[in-house]
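Everything on this sheet refers to the single structure shown next.
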Amino acid sequence: QVQLVESGGGLVQAGGSLRLSCAASGRTFSSGGMGWFRQAPGKEREFVAAITWSGEITFYADSVKGRFTISRDNAKNTVYLQMNSLKPEDTAVYHCAVKGGIISGVASRYDYWGQGTQVTVSS
């Protein structure tokens, strides 16, 4: 199984930056990739970004394009989400997740999830 631990969340002023980390341990998939999702109170879980193991392909939700960057350090088995130009609407609990097979932006397709890290952006 895979264990995921997120870190890097916190309180930040609008326009500021945070870098989230997701450290993976245990067996990981040789295909698929990892994604970041977020959920705010009263809202459905929202796809944020994903990165594939094979091909180094990344994709993002429209709401974060140009502001967020997902990356992976394979040596450390860690995925990062660099968040710049943060807005109050980015406030949510951010989760990372692992998926085997075909990469997807659909949360239900992912196999393992971290506990999440809170990001709060003040206006």
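Note that the numbering runs from 1 along the sequence shown for the chain. Since we're looking at a predicted model, the values are computed, not measured.
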May I ask you to decide whether Asp62 forms a salt bridge with Lys65, counting only side-chain N to carboxylate O separations under 4.0 Å?
yes
For a 4.5 angstrom cut-off between non-hydrogen side-chain atoms, does Ser123 reach Gln13?
no
Rounded to the nearest 0.5 Å, what's the gap from OG on Ser7 to CD on Gln115? Could you check?
13.5 Å
If you draw a 6.0 Å radius around CD in Glu89, do more than 12 non-hydrogen atoms from other residues or ligands fall strictly inside?
yes
Are Leu4 and Met83 connected in a single hydrophobic cluster, I mean Ile/Leu/Val/Met/Phe/Trp/Tyr linked by side-chain heavy atoms less than 4.5 Å apart?
yes
Sequence neighbours excluded, which residues qualify as side chain to side chain contact (heavy atoms under 4.5 Å, CB included) partners of Ala49?
Tyr60, Ile70, Leu81
Can a cation-pi geometry be assigned to Arg19 and Tyr80, taking NZ or CZ under 6.0 Å from the six-membered ring centre and within 45° of the ring axis?
yes
CA sep, side-chain torsions, deciding dist, call: Thr91, Arg38, side chain to side chain contact (heavy atoms under 4.5 Å, CB included):
CA-CA 9 Å; Thr91 296; Arg38 65 188 183 186; over 6 Å; no
Same apolar cluster (I L V M F W Y, side chains within < 4.5 Å links), Ile103/Trp36:
no
Apply side chain to side chain contact (heavy atoms under 4.5 Å, CB included) to the pair Ser63 and Lys87, showing each step before the final yes or no.
CA-CA 10 Å; Ser63 60; Lys87 305 174 181 179; over 6 Å; no
Mark yes when over 12 heavy atoms from residues, nucleotides or ligands other than Arg67 sit less than 6.0 Å from its CZ; otherwise mark no.
yes
Reported CD1-to-SG distance for the pair Ile51 and Cys22, which is rounded to 0.5 angstrom:
11.5 Å
Co-membership, hydrophobic cluster, residues Val93 and Val79, 4.5 Å side-chain
no
Of all the heavy-atom pairs spanning Leu20 and Gly9, show the shortest one and how long it is.
CD2-N, 3.6 Å
Cation over ring face, Arg45 and Trp113, 6.0 Å, 45°
yes
Can the ring centres of Tyr110 and Phe47 be said to be less than 6.0 Å apart?
no
For side chain to side chain contact (heavy atoms under 4.5 Å, CB included), just list the numbers for His95 and Glu6, CA-CA rounded to whole Å, side-chain angles, deciding distance to a tenth of an Å, and then say yes or no.
CA-CA 7 Å; His95 297 265; Glu6 302 99 331; 3.8 Å; yes
Hydrogens and angles aside, do Asn84 and Ser17 bring a side-chain donor and acceptor to less than 3.5 Å of each other?
yes
Derivation and outcome, side chain to side chain contact (heavy atoms under 4.5 Å, CB included), residues Leu18 and Val119
CA-CA 8 Å; Leu18 285 173; Val119 172; 3.8 Å; yes
Single-linkage hydrophobic cluster Val98~Phe37, side-chain heavy atoms < 4.5 angstrom:
no
Should the pair Phe68 and Tyr94 be assigned to parallel (<30°), tilted (30 to 60°) or perpendicular (>60°) ring geometry?
tilted
Any side-chain heavy-atom pair of Thr78 and Met34 under 4.5 Å
no
Contact check, side chains of Ser71 and Gln82, non-hydrogen atoms, under 4.5 Å:
no
Among side-chain atoms of Gln3 and Ser25, is any donor-acceptor pair under 3.5 angstrom?
yes
Are the side chains of Asn77 and Arg72 in touch, meaning some heavy atoms are under 4.5 Å apart?
yes
Rounded to the nearest 0.5 Å, what separation is found between the NZ atom of Lys99 and the CZ atom of Arg109?
7.0 Å
